[in-house]
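Quick note: numbers below take in every heavy atom, side chains included, and nothing from hydrogens, waters or symmetry partners.
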Amino acid sequence: MNVQVLEQARSAYRTGDFAAAAQLFSAAKDGDGPCGEADHLRGNSLMRLGRYAEAAGAYAAALKDNAYGKKGALLTNQGKALAAAGDLASAVASFTAATQDASYATPYKTYLGLGNALEKLGNLTDAGVAYRQAAIDGTNPAPAGALASLGDCFVALQRPEDAIESYRTALDFAGPRDDVSAINAGLGCAYASANRFSDALDAFTAATADGVYQLTDDQAAARDRAHDALSASAAMMPATGAYDTAVDPLDPLGQSGNFMPDPSDTGFFTLSEHEMVQQDRAEAKVRRKHRHLGLKIFIIILLILVVAGGGLAFAYTRGFGFPTQQDTLTKLFEAASSDAATDEFLASGLADSQRAVIVASIPKDATATIEGMDAGMSETKATVKVALKQGGELTYEVDFVREGLGWVVCAIASDFNVSGDVDASAGTDEPVEEPAGSDAATDEALAENADADASAAGGSADEPAGEAAARQQ
């Protein structure tokens with residue numbers, strides 16, 4: 001193994017030059033012998049370039065290096081590459097083999113890819129089983145997508161009641177990055193299949209409320225069927241009532257005295273004119289009293305809402321949010337230290353390389369405290385003191401942006417005007433074993449963008465621990 005060329009390949013990989021990285025990883029190998037790390041990263045680079053068949057071959061070469069291990073991650077990545085290349089049968093075989101690796105840290109990725117491939121092959125029953133496994137996997141940070149896919153399978157299998165429960169559970173677990181409109185549209189189809197047409201129209205209305213989501217042809221047909229069924233039912237109601245012999249022709253609303261007095265009420269016909277006037281005045285006084293009470297209640301509720309709304313609006317413009325900037329920063333540092341997923345604490349608009357740079361700049365087991373903050377309605381700049389595990393402090397400048405009601409990090413930079421006691425990189429000379437499910441210190445499947453380019457990929461590719469250690473350095 002040519003160590004110098006391998007390091008050049010890692011550098012190209014980290015900077016996003018995947019074409020050069022793929023060539024350098026290949027050149028770093030000695031002959032045709034296996035080298036798990038080089039072939040793994042070469043496969044990831046080829047996935048980012050859209051060269052799926054070649055990526056599958058690179059992962060197969062990495063699997064030959066028994067000393068390297070990482071079989072679960074490699075087989076999952078190979079399955080994604082094969083699915084993207086259109087070889088669904090081989091993809092199913094790779095995903096199925098990956099489920100046998102008990103050491104693989106994020107098996108939900110395997111089950112998502114397996115369910116996607118099986119669904120495209122028409123094997124809906126087994127696809128549903130795979131999606132269910134992905135949804136109940138405790139390492140899955142966003143089970144809503146798997147639950148929605150399970151609902152799709154139930155609809156296709158003509159099990160609408162099961163589909164309804166899957167979609168409703170998906171809505172319960174939906175996060176800010178889940179497509180809630182698509183889930184509601186699927187729920188509408190399930191309600192329509194169950195002949196619950198009113199609920200179906202409500203679900204379709206929720207799906208299209210944002211004016212962005214467009215129903216598919218099948219979803220539009222289900223919505224139209226629900227609408228036609230309700231219209232037909234409403235049209236039949238007057239005809240049914242016309243032949244109902246239980247209806248009093250003098251009281252068509254079924255409430256005696258609503259249109260005219262009940263003839264059995266002889267008191268109405270024996271009242272004098274003076275008594276009628278007095279009775280009408282008394283009734284008018286009661287009506288005015290009730291009207292005033294309702295108006296008072298309405299005004300009080302309105303004032304409470306105005307005051308509460310004003311307070312919330314003021315707090316929002318002053319930078320208050322949930323989670324707060326400090327909560328987000330603390331959880332980001334904790335996630336980076338424990339090699340857990342960090343995407344929920346970072347701005348959604350950041351590129352993968354930017355996320356990797358931010359996570360790589362966070363020292364292990366450090367504690368971050370906001371010392372000063374310039375908070376606005378949508379952006380915040382903060383000065384942060386970071387206490388290192390080895391002792392000493394560093395100063396960072398952290399930029400936050402608002403997403404929803406809370407704050408996420410969009411940039412972290414060291415403040416070189418303040419000298420720390422300890423180098424931020426201290427303690428990272430030793431290689432760090434990164435879990436395959438980490439989205440923070442590793443780009444554990446830089447094939448994630450390949451998944452966006454080819455929906456058959458079904459998830460992110462997994463990155464070897466060797467590259468994760470290089471990032472920490």
Side-chain angles (χ1 to χ4, degrees), residues 106 108-109 112 131 134-152 166-188 203-215 312-313 315-336 340-356 358-359 375-380 382 398-412 437-440 443-445 448-449 451-452 455 458-460:
T106 54
Y108 73 91
K109 297 180 181 180
L112 283 174
Y131 285 134
I136 64 177
D137 183 1
T139 65
N140 187 349
L147 289 166
S149 296
L150 177 60
D152 295 340
S166 294
Y167 288 124
R168 291 175 62 180
T169 306
L171 289 173
D172 291 338
F173 282 94
R177 299 184 183 182
D178 290 307
D179 191 348
V180 177
S181 295
I183 297 174
N184 273 310
L187 179 60
F204 285 126
T205 299
T208 57
D210 59 3
V212 176
Y213 183 81
Q214 298 295 321
L215 299 178
L312 291 174
Y316 187 91
T317 59
R318 301 297 297 175
F320 290 95
F322 183 83
T324 64
Q325 297 92 332
Q326 180 63 63
D327 289 341
T328 297
L329 190 66
T330 299
K331 292 178 180 178
L332 174 60
F333 271 63
E334 292 175 351
T342 57
D343 285 355
E344 63 179 298
F345 312 118
L346 300 175
S348 58
L350 294 176
D352 290 345
S353 58
Q354 294 174 305
R355 294 171 184 267
I358 290 176
V359 174
M377 184 169 64
S378 59
E379 297 181 354
T380 294
V398 181
D399 293 342
F400 297 86
V401 295
R402 189 187 292 275
E403 287 191 3
L405 295 178
W407 294 93
V408 292
V409 174
C410 66
I412 293 180
S438 174
D439 291 321
D443 180 8
E444 136 195 297
E448 286 182 359
N449 282 359
D451 298 339
S455 60
S460 62

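Annotation: salt bridge (Lys or Arg N to Asp or Glu O under 4.0 Å) contacts of D327 (sequence neighbours excluded): none. N140 is linked by a side chain to side chain donor-acceptor pair (under 3.5 Å) to nothing, counting only residues two or more places apart in sequence or in another chain. Remark: V398 engages L329, V384, Y396, F400, V409, I412 in a side-chain contact (heavy atoms from CB on, under 4.5 Å) (not counting sequence neighbours). Contacts of D152 classified as side chain to side chain donor-acceptor pair (under 3.5 Å), with partners at least two apart in sequence or in another chain: Y167. Under the side-chain contact (heavy atoms from CB on, under 4.5 Å) criterion, T208 pairs with L215, sequence neighbours left out. Residues meeting the side chain to side chain donor-acceptor pair (under 3.5 Å) test with Q326, sequence neighbours left out: T330. With sequence neighbours left out, S348 forms a side-chain contact (heavy atoms from CB on, under 4.5 Å) with R177, E403. By the side-chain contact (heavy atoms from CB on, under 4.5 Å) test, R168 pairs with I164, E165, L187, Y191, sequence neighbours left out. Residues that satisfy the side chain to side chain donor-acceptor pair (under 3.5 Å) test with T139, not counting sequence neighbours, are D137.
Annotation for R355 and D343: closest pair NH1-OD1, 3.4 Å, computed over non-hydrogen atoms. Taking every heavy atom of both residues into account, A148 and A170 meet most closely at N-CB, 4.0 Å. Residues A347 and V408 share a closest heavy-atom pair of CA-CG2, 3.6 Å. Nearest heavy atom pair, residue R402 against residue M377, reads NE-O, 2.6 Å. The minimum heavy-atom distance linking A135 with P143 is given by the pair O-CB, 3.6 Å. Of all heavy-atom pairs spanning G145 and D178, the tightest one is N-OD1, 4.2 Å.
The number of heavy-atom neighbours closer than 6.0 Å to OH of Y213, taken from other residues, nucleotides and ligands shown, is above 12. For I136, the CD1 atom is densely surrounded, since the number of other residues' heavy atoms within 6.0 Å is greater than 12.
With rounding to the nearest 0.5 angstrom, the CZ atom of F333 is 12.5 Å from the CZ atom of F345.
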message = Run S181 and D210 through side chain to side chain contact (heavy atoms under 4.5 Å, CB included) and show every step you take.
response = CA-CA 8 Å; S181 295; D210 59 3; 3.3 Å; yes
Side chain to side chain contact (heavy atoms under 4.5 Å, CB included) between I358 and T342, intermediate numbers included = CA-CA 10 Å; I358 290 176; T342 57; over 6 Å; no
task = Please step through side chain to side chain contact (heavy atoms under 4.5 Å, CB included) for the pair V359 and L346, ending with a clear verdict.
result = CA-CA 10 Å; V359 174; L346 300 175; 4.3 Å; yes
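With hydrogens and angles disregarded, a donor-acceptor distance shorter than 3.5 Å links the side chain of Q354 to the backbone of A351.
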